[in-house]
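Working notes, beginning with the structure itself.
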Number of protein chains: 2
Amino acid sequence: MTATKEKIIEAAYSCFAEKGYIGTTTREIAKTAGVSEITLFRYFRTKAALFEAVINRYSILSDLKKIASENNDKNIEETIKHIAKRIYLTLRKKKKLIRIILSEITNHPNEITEIYNKFLARIDSMLLKIFEQKKEKIELKENLNLQLAVRGFHCMLFAFFQTNEIFLKKELSEQEIEETINTFVNILFEGIKKEGNK
Amino acid sequence: MTATKEKIIEAAYSCFAEKGYIGTTTREIAKTAGVSEITLFRYFRTKAALFEAVINRYSILSDLKKIASENNDKNIEETIKHIAKRIYLTLRKKKKLIRIILSEITNHPNEITEIYNKFLARIDSMLLKIFEQKKEKIELKENLNLQLAVRGFHCMLFAFFQTNEIFLKKELSEQEIEETINTFVNILFEGIKKEGNK
DNA sequence: TTAGATAGTAAGTGCTTACTAACAGTTAAT
DNA sequence: ATTAACTGTTAGTAAGCACTTACTATCTAA
């Protein structure tokens, strides 16, 4: 991978995130990358091929894999809090990719659905694994559908990210992120009702 | 509003949801509506004007207003469950609008942000109002940030909808929806831990 | 019967866009 | 110094698109 090629992919990544795939011209990408348009086409035969390269280059899966591989010796609540924060920060780091995923369901449904599926599966399994590892340390409600609960939890996190950082363009501070995650994790484990009132 | 105009708006709504604003041609919309292209332009001077008409015609705010106005005599858990289900079904009814909102952040950021803001504010306030009305019937944890909890709850619902119905194209059955909402509401109030283990 | 509103056909304008052809300049390794 | 790899300039092609012009057909109400 030459530096030029990398520059082009990076420029395309930014442009696609900002204006969408169709809304971005190859001329624009070339200009952003600081190369001529024909250089772009020498590296990528078509705009679609460039799109694919962008998607592969900026995959979020490796980030998630890394998070999943970190071992946690804390108790389960703290572990989940820590992972939730890591996920949130990863989403932010890959904010442009998330924008592309959201805006390209219409134009690249197959590619996007595939990515989204893998993304989902990985987060699901990462969280479920934690519960599996620490199952002796926590007693769950008997009638609980854990898969659904876990799915709901990261949906909460994802939509919260999406709302703030994508739609409202508001970058939360470290402190706000932590408060949010504490609240969400407390809800997951304890709910909002005061103890003893159940 | 003539029948022809209505037909055009409806066709545009479907096309925009399916292929995005830029990805849809006016010819395509006209064909879907069963009118000639020039008729389309007689009613809407520009494609952008048509887009605006679509957004106004298929607003989700009135649906939410209606849900909020229904009075609920049940206890708070049941009320929230009921409202959550109504919201989910409303999202599904307006699935095309949600697709448009997601995919047009890049092309119509201002309009979309405005819509999203109102949507958020309305759901927030609808849920907070319930808690306000029934505050004597429930004792919440002292250190709880209720606004954040409420926001987290409908984020959970929204992202769950988005995941299934938009990305995975899977239409949940009534039963699945109810199981999901029961799980989510139980988590909100009680958490996943077994009682007495806290 | 007539007038006005509504719809259609057909052709076309002007612009943008992905992608190409042909040629020339630059750099680095041998 | 020469070659090979890489990059740039300039111009252009073919297609698609939003939107227009000019004219015609249909229908309803008075």
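Convention: sequence-line order gives letters A, B, ...; per-chain numbering from 1. Here the structure is a predicted model, which means the values were calculated and not measured.
For the salt bridge (Lys or Arg N to Asp or Glu O under 4.0 Å) with A/Asp63, the lone residue among A/Arg122, A/Arg92, A/Lys93, A/Arg86 that qualifies is A/Lys93.
The aromatic rings of B/Phe51 and B/His108 sit parallel, their planes meeting at an angle under 30°, below the 60° perpendicular limit. The aromatic rings of A/Tyr116 and B/Phe167 lie parallel to each other, their planes meeting at an angle below 30°, with 60° marking the opposite boundary.
One can place CG of A/Leu50 at 16 Å from P of C/dT17, the figure rounded to the nearest angstrom. Counting to the nearest Å, the C1' atom of C/dT17 and the CD1 atom of A/Ile29 are 12 Å from each other.
The cationic group of B/Lys47 lies under 6.0 Å from the six-membered ring centre of B/Tyr21 and within 45° of the ring axis, placing it in a cation-pi geometry.
At a cut-off of 3.5 Å, with distance as the only test, no side-chain donor of B/Thr183 or B/Thr180 sits close to an acceptor on the other residue. For the residue pair B/Gln147 / B/Asp124, no side-chain donor-acceptor distance below 3.5 Å is found, with atom types taken as modelled.
Among the protein residues, B/Thr39 comes within range of the sugar-phosphate backbone only, with heavy atoms under 4.0 Å from sugar or phosphate atoms but none that close to a base.
Only at 4.0 angstrom or more do the heavy atoms of residues 2-11 of chain A sit from any atom of DNA chain C, so none qualifies.
In this model, the phosphate group of D/dC6 is not approached by any side-chain N or O of A/Tyr43 to a distance below 4.0 Å at OP1 or OP2.
For B/Gly152 against A/Met156, the heavy-atom pair with the smallest separation is O-CG, 3.3 Å.
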Seminar exercise, completed: With B for base contact, S for sugar-phosphate-only contact and - for none (protein heavy atoms under 4.0 Å), nucleotides 10-30 of chain D reads -------SSB-BB--------
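Listed by first and then second residue, the ring-ring contact (aromatic ring centres under 6.0 Å, His included) pairs that reach into residues 123-149 of chain A come to none, sequence neighbours excluded.
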